[in-house]
**Q** 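I have a structure here, written as structure tokens, and I will follow up with some questions on it.
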Amino acid sequence: MPRVAVVTGGTRGLGRAIATGLLAEGHHVAAVYRGNEDAARAFFDDTGIPVYGWDVADHAACADGLARIERDLGPVEILVNNAGITRDAMLHRMSEAQWWEVIRTNLGSMFNMCRHAVGGMRERGFGRIVNISSINGQKGQLGQANYAASKAGVIGFTKSLALESACKGITVNAVAPGYCETEMVGAVAPEVLKGIVEAIPVARLGLPEEIARVVTMLVRDDAGFITGATIDINGGQRMG
Ligand code: NDP
């Protein structure tokens, strides 16, 4: 059944593949971005998916943004919290700004978006929430204490909200991707990237579409028995 779906960070990278995957399933999709207007415009021109610009680290902006989407498309039934950033540094060199920017964006956004969306889902007795974590939140990573902490936090947040929501027809799951072909990973130095690929048993990066396929499965109406799960998609790099 077609549902109203919101994908944060939906204009680029994994989010773009998730948004277009949900569109292909017949859903009414809205994509949230932060400030890259050119990428957002190009995405809209390519896909026809409406775009909404705000900072998901800002609690009040999430309330306003979701209200705008609900006015345009209807009540939000599917929420994919995908927006995320890195600000890498070894901890002994990490600034307070690098720490909080990542925690606020990657983990604060989970609270900000779910807090405003879950009440309506509870009232209507249906909801699907998917939160994008990361392999590095599960195993840790040099230079990413901020990022790994935020992504590990996403998993605990997901399990707790899943417990709170289970009796209301709402599922809440996390997806933990390994390294995928996106701009975020493209920014990694080539010699570091070579080492990363060598550590992946399938010997390649993941494709955004491979992440999107799992997300579209998790939000189906008939996926109601999957909740509180963290699905690993990492080419065998980490087996939980
Ligand atoms: P990209 O950098 O390619 O895309 C990021 C998207 O998120 C853009 O649409 C960007 O908007 C949006 N965004 C970033 N910050 C905010 C914000 N504060 N408010 C609203 N929107 C924001 O990211 P990826 O596709 O690589 O990553 C997507 C998610 O997957 C992230 O959570 C990441 O941590 C996770 N992940 C990625 C992996 C990978 O290999 N790429 C591996 C494991 C996890 P704008 O264009 O305006 O900047």
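Whatever order the structure lists them in is the order used to number ligands and atoms, beginning at 1.
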**Q** Does the side chain of Thr158 come under 3.5 Å of the side chain of Asn131 through a donor N or O and an acceptor N or O?
**A** yes
**Q** Once salt bridge (Lys or Arg N to Asp or Glu O under 4.0 Å) is applied, do any residues pair with Asp45, and if so which ones, sequence neighbours excluded?
**A** none
**Q** Tell me whether the guanidinium CZ or amine NZ of Arg3 lies under 6.0 angstrom from the six-membered ring centre of Phe126 and within 45° of its axis.
**A** yes
**Q** Just the distances, no angles: every ligand 1 N or O to protein N or O pair closer than 3.5 Å, one line each.
**A**
unit_1, atom_1, unit_2, atom_2, d
ligand 1, 9 (O), Thr11, OG1, 3.0
ligand 1, 11 (O), Arg34, N, 3.2
ligand 1, 18 (N), Asp55, OD1, 2.8
ligand 1, 19 (N), Trp54, O, 3.3
ligand 1, 19 (N), Val56, N, 3.0
ligand 1, 21 (N), Arg34, N, 3.4
ligand 1, 25 (O), Leu14, N, 2.8
ligand 1, 26 (O), Thr182, OG1, 2.7
ligand 1, 32 (O), Asn82, O, 2.7
ligand 1, 32 (O), Lys151, NZ, 2.8
ligand 1, 34 (O), Tyr147, OH, 2.5
ligand 1, 34 (O), Lys151, NZ, 3.1
ligand 1, 40 (O), Cys180, N, 2.7
ligand 1, 41 (N), Thr182, OG1, 2.7
ligand 1, 46 (O), Arg12, NE, 2.7
ligand 1, 46 (O), Arg12, NH2, 3.2
ligand 1, 47 (O), Arg34, N, 2.9
ligand 1, 47 (O), Gly35, N, 2.7
ligand 1, 47 (O), Asn36, N, 2.8
ligand 1, 48 (O), Arg12, NH2, 3.0

**Q** Val202 and Ile135: same hydrophobic cluster, using ILVMFWY side-chain contacts below 4.5 Å?
**A** yes
**Q** Which distance, rounded to the nearest 0.5 Å, do you find between the OG of Ser133 and the CD1 of Ile155?
**A** 3.5 Å
**Q** When the ring planes of His116 and His59 are compared, do they come out parallel, tilted or perpendicular, using 30° and 60° as the limits?
**A** tilted
